[in-house]
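Everything below concerns the one structure shown next.
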There are 2 protein chains.
Amino acid sequence: MKNLKGAALLGQSGGPTSVINASAAGVFLEALKHEEITEVYGAIHGIKGILNEDFYDMKQEDPKELERLKYTPSSAIGSVRYKLKDVEKDPTDYLKLLEVFKKYNIRYFFYNGGNDSMDTCLKISKFMAKSGWDCNVVGVPKTIDNDLAGIDHSPGFASAAKYVATSTMELYLDGTVYDHQQVVIVEVMGRNAGWLTAASALATVGGVKPDLIYLPELPFDVEKFYTQVGDLLKTGKSVFAVVSEGIKTKEGKYIPELESEIAKDAFGHANLGGTASILAEHVKERFGVKVRAIEFSLLQRAAAHVASNTDIEEAFMVGKLAVQAAVNGVSDKFVGIVRKSSNPYEAEFPLLPLEVVANAERKVPLEWILPDGKGLTQDFINYALPLIQGETPLEKVNGLPRFAQLKKIRVVKK
Amino acid sequence: MKNLKGAALLGQSGGPTSVINASAAGVFLEALKHEEITEVYGAIHGIKGILNEDFYDMKQEDPKELERLKYTPSSAIGSVRYKLKDVEKDPTDYLKLLEVFKKYNIRYFFYNGGNDSMDTCLKISKFMAKSGWDCNVVGVPKTIDNDLAGIDHSPGFASAAKYVATSTMELYLDGTVYDHQQVVIVEVMGRNAGWLTAASALATVGGVKPDLIYLPELPFDVEKFYTQVGDLLKTGKSVFAVVSEGIKTKEGKYIPELESEIAKDAFGHANLGGTASILAEHVKERFGVKVRAIEFSLLQRAAAHVASNTDIEEAFMVGKLAVQAAVNGVSDKFVGIVRKSSNPYEAEFPLLPLEVVANAERKVPLEWILPDGKGLTQDFINYALPLIQGETPLEKVNGLPRFAQLKKIRVVKK
């Protein structure tokens, strides 16, 4: 489907990352270069923006601000969590999307998100093709969770990993500073895949070794954990543990679920805390030691000031290449990342079928995980370390980040 | 007391900061230059290290690593929370300190800490003078809380403020990204003084305005807060609030205390959460909205990667000047910071009596605080903004901070 003339539309979906806007910048800046592309739209809150015909007109933005988007966290055009139903069950949304695509002559559609979003991309692509509306659909991957299948790593992961590793180094130094013992438990995002929790092991390269690192890939034995903490406390030192929010017992219970059951039995009242704070409270009760539970929370996916420049440039690249591919007639694909070499680090960006990544989930290989929370193997370090290289060139004004300031001019509804 | 010949000893005390080690670097590197100073010791865990005759020999460290201390968070020689009793009540510690000072010929003593530590400094100084042991004692101020009296600001505050302002900008962008409404409540350190919470208002300079900012200087009306959040939610937008860990009701109750009373009444079981998580849970119950409670916790005092270079250089300076003063015969003083001009920013470092700062507490002027959590005045911005200028020259290796790696060689006990 070459030489389509019409509008390009980008939507962002799912949890933002520090560099999802770098992909948006790649899409927008590249789209603005092609004469086949008559308009450049940003869907406000992803699919919902399309269903509501709610778009920003990216042509009216200052290209300098679009450049700054590379270094600006969060989804500048707004994100959404919205799963399209199967078209057989309910075609309503699809028919509306088709109507909007026709009304605004959308011939290039890009969707920037994780595995759910790649599934959305695929569904839309198939429906447009079936309906006879020529439109090239290309997926742009992102996720801090690094769980996208079929590619070496996901844009967004490395910046979050750099944040986790850097903060682990800093917190470790702080948390072990007193003469009295302290147990610090840090909680990292990643419900099913432990890539980001594993990134705390990169701190060892900087000379700081967390005592315990627990990923969701292996069952978490709560009693064993307390025993381990107790044994470490006997050595007289402070203890530093990193746990994934997604650790589960071998019965498949998350820690807050487990606690909720215990608490309900005892008091009819569930504990508000997350995984780290529940574990920390029990450690405090058992060992009478000072504890600190620290959740990286949204910080780990928003800390653009410590983003990896490798990640920024790759995120930009996948956006840019998505547009080039679409203009060259490619559809039903996403831009992948394949590693050619780790030392020196080198990657390629092939176009891969959306089916590869849609709804699949890639976890940390079990052979990279040392048993009993002892950390990660050198293979993991060799994998992850090249990705966090390079500092963000984010401009500072008044000592603060100068993030993109978009005009956000809405397209007049037709 | 000029021309004393003997050892110099530095102790660090209280909660660390991103730049307390910059002051240590100032003390050590300057002390190594003076021939009056025969040995340079670091007390391991402050006063406790002295009582236990437990010192690091700083002369054996690589000067390059001591330079790197400028950019390394936490207390490299270990900190402590230990309050000396009044000498009239119990002279035991004082007599031991005197014995150790004599045994190791300690003629220059520097204590790096907050108002408690300056009080410790004063007590030791008085006791040594009374006991006839010639020793010049000079205080080196630090605290992220910025509550030291008699000086313009405290080393450590500005770096934490820069972290708070930067993270507020990033979190705000992330927290307001979805089409559904969300309430983010961020909790900042500062039990009695709201300086650091106020620093979130610096984000406005970067184009991001938190909806509500609550400092501990004014009573916190819990019901009014919920009403405000409800009113903001009615506008259709997400809500971003920043609260100090130290906010109290007009009856003087901290939020976790209040919650504990409510919870005990209802279930005999207290909530584990901190201020932000308790408020967030109630907001969720009342408005059925998605909430996020985020505690900056130790991150705000350890995030050396985003330290203010103005702060780093000032922290180094107060350490260096403390040594120069002591060698010139000064005692019973601390090195203060007085602002000469805000634009361009210029400061002086006078020697001030320890009595000025010992046990006193300086809060945010009430006239800088807008009522009902509406933020801070331009006067506060004008005060704080110059302090967060300049980026840390912290070296990166492998994409990670290259913090100081000390040999930490212990002095053989005499």
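Per chain, numbering begins at 1; letters A, B, ... match sequence-line order.
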request  = Give a yes-or-no answer on whether the side chains of Thr72(B) and Asn21(B) include a donor-acceptor pair shorter than 3.5 Å.
outcome  = no
request  = Indicate whether any N or O donor in one side chain lies under 3.5 Å from an N or O acceptor in the other, for Ser117(B) and Ser13(B).
outcome  = yes
Contact part of [X] toward chain B, heavy-atom cut-off under 4.5 Å: side chain, backbone, both or neither?
X: Tyr163(A); answer: side chain
X: Val397(A); answer: neither
X: Phe296(A); answer: side chain

query = chain A: which of Arg402(B), Glu391(B), His180(B), Gln12(B) shares the most heavy-atom pairs with it under 4.5 Å?
reply = Glu391(B)
request  = Measure across Thr310(A) and Gln389(A) and return the closest heavy-atom pair with its distance rounded to 0.1 Å.
outcome  = OG1-O, 2.6 Å
task = Of all the heavy-atom pairs spanning Ser200(A) and Val164(A), show the shortest one and how long it is.
result = N-CG1, 3.7 Å
inquiry  = Under 4.5 Å from any heavy atom of chain A, what part of Gln405(B) do you find: side chain, backbone, both or neither?
reply    = side chain
task = Report yes if some heavy atom in the side chain of Pro210(B) is under 4.5 Å from a heavy atom in the side chain of Val242(B); otherwise report no.
result = yes
ask   = Would you call the rings of Tyr383(A) and His153(A) parallel, tilted or perpendicular if under 30° counts as parallel and over 60° as perpendicular?
value = perpendicular
query = Any idea which of Ser79(A), Gly46(A), Pro401(A), Ala203(A) has the most non-hydrogen atom pairs under 4.5 angstrom with chain B?
reply = Ser79(A)
inquiry  = Shorter than 4.5 Å, heavy atoms on both sides: which option in Ala293(A), Ser167(A), Gly206(A), Ala303(A) has the most such pairs with chain B?
reply    = Ala303(A)
